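What follows is a short report on a single structure.
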There are 2 protein chains.
Amino acid sequence: MNSLNRSGLKNTKARAAILKILQQSNRPLSAEEIYDGLVKCNIHVNASTVYRALTALCDKKLIGKTNVTGDKKSFFEYNAKGHRHYLICSECKKIITIERCPLRAYEKMLELETNFTISGHKLSIYGSCPECKDK
Amino acid sequence: MNSLNRSGLKNTKARAAILKILQQSNRPLSAEEIYDGLVKCNIHVNASTVYRALTALCDKKLIGKTNVTGDKKSFFEYNAKGHRHYLICSECKKIITIERCPLRAYEKMLELETNFTISGHKLSIYGSCPECKDK
DNA sequence: AATACAAACGCAAGTCATTTGCGTTTGTAT
DNA sequence: ATACAAACGCAAATGACTTGCGTTTGTATT
C-alpha cells in the first residue's frame, strides 16, 4: 500500500514516477518539465495522461499547484514539506527555500479587516544572490 | 499632449478609453472586462486591438499586468499607485487590492541572513470572500 | 489464478485566452 | 495637404491545457 493507493488512486507507473520526480526536485516544475522527466525515465505516456495525473494528485493533496512566473504555465511541487517560500535570484535563477513564514499574524489581521476566510498565500521574493550581485 | 503621446503612442479612442476604465477601477480588470467596458462606452473595437493596446500600455509602463488567480487570464491595472498586494477569492475570483505591505522589515532581515540584495517580491493571499464562504 | 469493472489511458478533437500575418485605415509629423 | 509608420480589423494560428470516447489495466472479489 503506497501513498497513491492510500489516497484512493490507482498505482500506475506514470503517477508513481511523477511523485518521485517532484519529490526529488528542489523547485516547482512545469507540466512540460515533468513530461520530459518521465521520458528520461523511459516512461512514455500521453500529455493528457500527465495533466490528468497532475489534476488527480492535486485533488488528493499529494502535490500542490502554483503559478509563480506570471505566464500561462502552471507549476507543481511535492506536498510533504509544509508551507514555504522561495527567494529567487533574478540573474542566475537560483532558488533558496525559505521555511520561515512571516505572514501568520498578518493574515489574521486581514481576516478581521476584510471578512474573508483566508486559506493561504503565495510569496516569492526576488533579488540578486551574493555571487551575482558583484557583477 | 496626453500621457499616450508622451509615451510615444498614438492617441486612439480605444487606448484613451482603456486608460480611463483602468483609472476608474478599484481592482485589476481582465482583458474581457476591459473589452466589455469599451462596449459600454460605445467603443467597438476588435479583441486583438484590446490585447495590442494592453501590451503597448504595459510596455510603456502606463499600466501593469498581473496573473494572480492561477487560471489562464491576466489582469491589468492603472499604474499610479505603487507597490501592492492582492487578496483573491478562490471561488469567484474577485480581487481586493491591499495597499499596505507587511514585508519591508522581513526583507531587511532576509538580506542580512542570506546576503542577497532583494529587489522585490510578489505576494498574493487566497481565501473565500464574505459572499462565497457561506455557500 | 480467473473475473469484473471502475479507473486510467491513448488519441484526436476541442477550448479558451491570447497572438500574429496581412492588407487597410488613421494619427501625427513635415 | 501629404506621407508613412503606427494601429486597426479580420481570420487564422498558438499554446497550454481539457474532454469525448473507445480500449486497456489496476485492484477487489470470487
Side-chain angles (χ1 to χ4, degrees), chain A residues 1-19 22 28-39 41-60 62-77, chain B residues 1-20 22 28-39 41-60 62-77 88 93 95:
Chain A
M1 197 79 172
N2 52 46
S3 66
L4 286 167
N5 285 327
R6 237 174 285 125
S7 298
L9 297 174
K10 284 190 185 171
N11 178 24
T12 65
K13 61 186 185 328
R15 304 219 275 216
I18 288 173
L19 274 183
L22 289 176
L29 300 177
S30 66
E32 196 185 355
E33 289 174 313
I34 292 166
Y35 180 90
D36 293 344
L38 290 172
V39 170
C41 299
N42 257 301
I43 296 173
H44 296 268
V45 289
N46 194 272
S48 66
T49 298
V50 174
Y51 284 111
R52 278 195 272 237
L54 289 170
T55 302
L57 295 173
C58 277
D59 287 351
K60 299 301 183 184
L62 295 177
I63 65 174
K65 178 180 183 176
T66 68
N67 200 328
V68 184
T69 51
D71 65 356
K72 33 189 161 193
K73 277 187 186 166
S74 292
F75 287 78
F76 301 86
E77 60 188 326
Chain B
M1 198 80 172
N2 52 48
S3 65
L4 287 166
N5 285 329
R6 236 174 284 124
S7 297
L9 296 174
K10 285 190 186 172
N11 179 25
T12 66
K13 58 185 187 328
R15 304 217 277 215
I18 288 173
L19 274 184
K20 203 170 89 186
L22 289 176
L29 300 176
S30 66
E32 195 184 355
E33 289 173 312
I34 292 166
Y35 180 90
D36 293 345
L38 289 173
V39 170
C41 299
N42 256 301
I43 296 173
H44 297 269
V45 289
N46 194 272
S48 66
T49 298
V50 174
Y51 284 109
R52 279 195 270 237
L54 290 170
T55 302
L57 294 173
C58 277
D59 287 350
K60 300 301 182 183
L62 294 177
I63 65 175
K65 178 179 183 174
T66 68
N67 193 326
V68 115
T69 52
D71 66 356
K72 34 189 160 188
K73 278 184 186 169
S74 291
F75 288 79
F76 301 86
E77 62 184 326
I88 301 128
K93 308 296 181 194
I95 300 176

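Per chain, numbering begins at 1; letters A, B, ... match sequence-line order. Atom set for the values below is all heavy atoms of this structure, side chains included, hydrogens, waters and symmetry mates excluded. Note that the coordinates shown come from a computational prediction; the quantities given were computed from them, not determined experimentally.
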Practice prompt. Dump the intermediate steps for side chain to side chain contact (heavy atoms under 4.5 Å, CB included) on A:His44 and A:Val39, then the final yes or no.
Written response: CA-CA 6 Å; A:His44 296 268; A:Val39 170; 3.8 Å; yes
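- Following rounding to the nearest Å, A:Asn46 (CG) and C:dA7 (C1') show an atom-to-atom distance of 17 Å.
- Listed here is the closest heavy atom pair of B:Gly64 and B:Cys58: C-SG, 4.2 Å.
- Across A:Leu4 and A:Arg15, no two heavy atoms sit closer than the pair CD1-CB, 3.9 Å.
- Closest non-hydrogen pair, A:Ala53 versus A:Ile18, comes out as CB-CD1, 3.7 Å.
- Residues B:Tyr35 and B:Val50 approach most closely at CD1-CG2, 3.8 Å, considering heavy atoms.
- Among the heavy atoms of the strands, none lies under 4.0 Å from B:Ser30.
- Rounded to a whole Å, the NZ atom of A:Lys73 is 8 Å from the P atom of D:dC17.
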Worksheet item: Once each nucleotide of nucleotides 22-30 of chain C is scored for protein heavy atoms under 4.0 Å, what B/S/- sequence comes out, 5' to 3'?
Response: ----BBS--
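- One cannot find a donor-acceptor pair under 3.5 Å joining the base of C:dC9 and the side-chain atoms of A:Ser48.
- Between C:dT18 and B:Tyr51, a contact under 4.0 Å exists linking OP1 or OP2 to a side-chain N or O.
- Nucleotide D:dA6 holds its C1' atom 13 Å from the CG atom of B:Leu4, rounded to whole Å.
- The two residues B:Leu54 and B:Ile34 come nearest to each other via the heavy atoms CD2-CD1, 3.8 Å.
- Per the geometry, NZ belonging to B:Lys72 stands 10 Å off P belonging to C:dT18, to the nearest Å.
- Across all strands, B:Ala31 comes closer than 4.0 Å only to sugar-phosphate atoms, never to a base (heavy-atom distances).
- For the pair B:Ala31 and B:Tyr51, the tightest heavy-atom approach, listed with the atom from each and the gap, is CB-CE2, 3.5 Å.
- In this model, the phosphate group of C:dT18 is approached by a side-chain N or O of B:Ser74 to a distance below 4.0 Å at OP1 or OP2.
- Atom CD1 in B:Ile18 sits roughly 8 Å away from atom P in D:dC8 (whole-Å rounding).
- Two residues, A:Ala53 and B:Thr55, neighbour DNA chain C, and the one matched to the more 5' nucleotide by heavy-atom proximity is A:Ala53.
- Counting heavy atoms from C-beta outward, B:Leu57 and B:Leu9 have side chains that approach closer than 4.5 Å.
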Worksheet item: Given pairs defined as Watson-Crick or G-U wobble with both distances under 3.5 Å, what dot-bracket annotation applies to DNA chain C, with ( ) intrastrand, [ ] crossing, | other strand and . unpaired?
Response: ||||||||||||||||||||||||||||||
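- Interatomic distance, OG of B:Ser3 versus CG of B:Leu19, reported as 5.0 Å (0.5 Å rounding).
- The distance between atom NE2 of A:His44 and atom P of C:dC11, rounded to the nearest whole Å, is 12 Å.
- Counting to the nearest Å, the P atom of D:dA16 and the CG atom of A:Leu29 are 15 Å from each other.
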